[in-house]
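One structure below.
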Amino acid sequence: MSDLENHFGDDASIDKESNKEILAFLVKNSAENYTMEDSWNFLNSIGDKDIIAMTQTSFWKKTHKDIPKNIFDNKKIRSKANCKACHTDIEKGLIEDENIKNLSTFN
Ligand code: HEC
């Protein structure tokens, strides 16, 4: 949030007030302040490594290792970062097994 002018090659800078608001949201909802098991798993697998994407953590890699790589090219998914394509409850902060889409629906 302190260097949004250089955000993955884009200038994502925003006004001071919005920046403050978003930063407060991110801190309040960060894995450190969450009690869900998966938050702990992500945090634990980051350790002191310099990881900027959940998909780069050993926990994510381990839990998704059996998923065929080419599924992420599917036009309904397009990216590993599109968690919502498969985890329909993720916007509620949940990752329940019964809410993971059957991957055969992407064939
Ligand atoms: C292509 C669909 C797909 C995408 C995209 C995807 N996942 Fe998953 N995810 C799965 C499937 C399927 C499993 C269950 C794997 C298993 O049990 O073998 C899973 C498992 C998980 C688990 C383990 C759940 C548990 O505790 O058992 C977590 C956490 C998770 N995903 C988070 C994420 C996050 C965060 C993202 C986005 C950064 C993401 N996933 C993107 C399909 C996906």
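FYI, side chains are in, hydrogens and waters are out, and symmetry mates aren't considered; it's all heavy atoms of this structure. Note that ligands are numbered from 1 as they come in the structure, with each ligand's atoms numbered from 1 the same way.
Protein heavy atom at the shortest distance from atom 42 (C) of ligand 1 is I67 CD1, 3.5 Å. Considering only non-hydrogen protein atoms, atom 13 (C) of ligand 1 sits nearest to I100 CD1, 3.6 Å. Protein heavy atom in closest approach to atom 1 (C) of ligand 1: C86 SG, 2.7 Å. In this structure, the protein non-hydrogen atom closest to atom 23 (C) of ligand 1 is T63 CG2, 3.8 Å. Protein heavy atom at the shortest distance from atom 39 (C) of ligand 1 is W60 NE1, 3.2 Å.
Relative ring orientation between F59 and F42 is described as perpendicular, the plane-to-plane angle rising above 60° on a 0-90° scale split at 30° and 60°.
Remark: the backbone N or O of R78 is not paired with any side-chain donor or acceptor of D73 at under 3.5 angstrom. Remark: the backbone N or O of S18 is paired with a side-chain donor or acceptor of D15 at under 3.5 angstrom. For the pair K49 (side chain) and S45 (backbone), a donor-acceptor distance under 3.5 Å is present.
Backbone or side-chain N, O or S atoms of H64 reach atom 8 (Fe) of ligand 1 at under 2.8 Å. Not a single N, O or S atom of C83, from either the backbone or the side chain, sits less than 2.8 Å from atom 8 (Fe) of ligand 1.
Closest N/O/S atom of H87 to atom 8 (Fe) of ligand 1: NE2.
Counting heavy-atom neighbours within 6.0 Å of H64 NE2, excluding the residue itself, gives a total above 12.
There is no side-chain donor-acceptor pair under 3.5 Å between T105 and N102. With 3.5 Å as the limit, one finds a donor-acceptor pair spanning the side chains of N6 and D3.
For ligand 1, the atoms lying closer than 4.0 Å to a non-hydrogen atom of D97 are 27 (O). Residue I77 has at least one heavy-atom neighbour below 4.0 Å for each of these atoms of ligand 1: 1 (C). Atoms of ligand 1 found under 4.0 Å from any heavy atom of T55, numbered from 1 in the order shown, are 38 (C). Contact atoms of ligand 1 toward K80: 5 (C), 37 (C), 38 (C), 41 (C) (distance under 4.0 Å to a heavy atom of the residue). Near I95, meaning under 4.0 Å from any of its heavy atoms, are these atoms of ligand 1: 28 (C), 29 (C), 30 (C), 32 (C).
In this structure the side chain of H87 never reaches within 4.5 angstrom of the side chain of N99, judged on heavy atoms. Side chains of M1 and L26 form a contact here, defined as non-hydrogen atoms less than 4.5 Å apart.
The shortest N or O to N or O distance between D38 and ligand 1 is below 3.5 Å. Residue N82 has no nitrogen or oxygen atom sitting less than 3.5 Å from a nitrogen or oxygen atom of ligand 1, judged on distance alone.
Protein heavy atoms are absent from the 4.0 Å sphere centred on atom 17 (O) of ligand 1.
In F106, neither the side chain nor the backbone holds a heavy atom less than 4.0 Å from any atom of ligand 1.
Between F59 and ligand 1 there is a heavy-atom distance shorter than 4.0 Å.
Linking Ile, Leu, Val, Met, Phe, Trp and Tyr whenever their side-chain heavy atoms come within less than 4.5 Å leaves I51 and V27 in two separate clusters. In the hydrophobic clustering of this structure, I100 does not group with I67; members are Ile, Leu, Val, Met, Phe, Trp, Tyr whose side-chain heavy atoms approach within less than 4.5 Å, directly or through other members.
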